[in-house]
Amino acid sequence: MPDPNDLVAAAAAVRENAYVPYSRFKVGAALKAADGSVHRGCNVENVAYPEGTCAEAGAIAAMVAAGQTRFAEAAVIADSPVPVTPCGGCRQKLIEFAAPGATITMATTDGKTARMAVADLLPGAFDQAQMDNA
């Protein structure tokens, strides 16, 4: 089983690269792909708010660009009083690329963490089976 602390550290490191001139809220994310490779992303804002990129979406894009389409473990970190959860759109994105049984660790920069199954992030999530039956 992947060590979530390694992913939290990877997410914390990439968080420092976030481009957040508007919100000043840096977020980092890291995904451990099915092949063991780690892919990172940070949030990137745009003056045409909210047309930026969330950290989780950036990590997914990096993973797919590297040829992987499934992750087993995710981590997201931000400077907040409680562990930050992904936004609704990123919950759907994470579920689409999560391997069965994938988990996510949500962390704060001062060491608080929460961990849960990715599948529990968005009950009733839209999935490929629904598209196939549409």
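For this chain, numbers begin at 1 and follow the sequence in order.
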Check: side-chain contact (heavy atoms from CB on, under 4.5 Å) between Gln92 and Leu122: does it pass, once the steps are laid out?
Finding: CA-CA 7 Å; Gln92 180 65 54; Leu122 188 61; 3.6 Å; yes

Item checked: Verdict with supporting geometry, Phe71 and Val118, side-chain contact (heavy atoms from CB on, under 4.5 Å) -> CA-CA 10 Å; Phe71 70 89; Val118 172; 4.0 Å; yes

Notebook entry, point to check: Can you list every pair that meets salt bridge (Lys or Arg N to Asp or Glu O under 4.0 Å) and has a residue in residues 98-112, with sequence neighbours left out?
Noted result: Asp110-Lys112

Checklist line | Any residue meeting side-chain contact (heavy atoms from CB on, under 4.5 Å) with Pro81, in chain and number order, not counting sequence neighbours | finding: none

Check: Can you find a pair of side-chain heavy atoms, one from Leu121 and one from Leu94, that are under 4.5 Å apart?
Finding: yes

Next item on the list: Answer with yes or no whether the hydrophobic clustering places Val44 together with Phe25; edges join I, L, V, M, F, W, Y residues whose side-chain heavy atoms lie under 4.5 Å apart.
Entry: no

Notebook entry, point to check: Does Asn46 have any side-chain contact (heavy atoms from CB on, under 4.5 Å) partners at least two apart in sequence or in another chain, and if so, which?
Noted result: Ala48

Checklist line | Distance-minimising heavy-atom pair for Ala11 and Ala75 | finding: CB-O, 4.0 Å

Item checked: Closest non-hydrogen atom pair between Val14 and Gly41, with its separation -> CG1-O, 3.3 Å

Notebook entry, point to check: Between Thr108 and Ile77, is a side-chain contact (heavy atoms from CB on, under 4.5 Å) present by the stated rule, with each step listed?
Noted result: CA-CA 5 Å; Thr108 67; Ile77 188 170; 5.8 Å; no

Notebook entry, point to check: Given the rule in the salt bridge (charged side-chain N to carboxylate O under 4.0 Å, His left out) test, do Arg115 and Glu73 qualify, once you have shown the distances and angles that lead to the verdict?
Noted result: CA-CA 10 Å; Arg115 188 174 165 104; Glu73 178 73 26; 3.0 Å; yes

Notebook entry, point to check: In chain order, what residues pass the side-chain contact (heavy atoms from CB on, under 4.5 Å) check against Lys26, with sequence neighbours excluded?
Noted result: Arg15, Glu16, Ala18, Val20

Margin query: So which atom in Ala98 and which in Arg70 form the shortest heavy-atom distance, rounded to 0.1 Å?
Written below: O-CD, 3.7 Å

Check: Does some side-chain heavy atom of Tyr19 sit less than 4.5 Å from a side-chain heavy atom of Asn43?
Finding: no

For residues 83-90, tabulate all N or O donor-acceptor pairs below 3.5 Å that involve a side-chain atom, not counting sequence neighbours.
residue, atom, partner, partner atom, Å
Thr85, OG1, Arg91, NH2, 3.0

Next item on the list: Kindly say whether Ser23 contributes a backbone atom to a donor-acceptor pair with the side chain of Glu45 at under 3.5 angstrom?
Entry: yes

Next item on the list: Sequence neighbours left out, what passes side-chain contact (heavy atoms from CB on, under 4.5 Å) with Thr113? Give chain and number order.
Entry: Thr105, Ala107

Check: Can a donor-acceptor pair be found between the side chains of Gln68 and Ser37 at a distance below 3.5 Å?
Finding: no

Next item on the list: Mind running side-chain contact (heavy atoms from CB on, under 4.5 Å) on Phe97 and Met63 for me, showing each step along the way?
Entry: CA-CA 10 Å; Phe97 291 95; Met63 180 182 72; 3.9 Å; yes

Checklist line | Within-4.5 Å side-chain heavy-atom neighbours: Val76 and Ile104 | finding: yes

Note to self: I need the Ile60 CD1 to Glu96 CD distance, nearest 0.5 Å.
What the structure shows: 8.5 Å

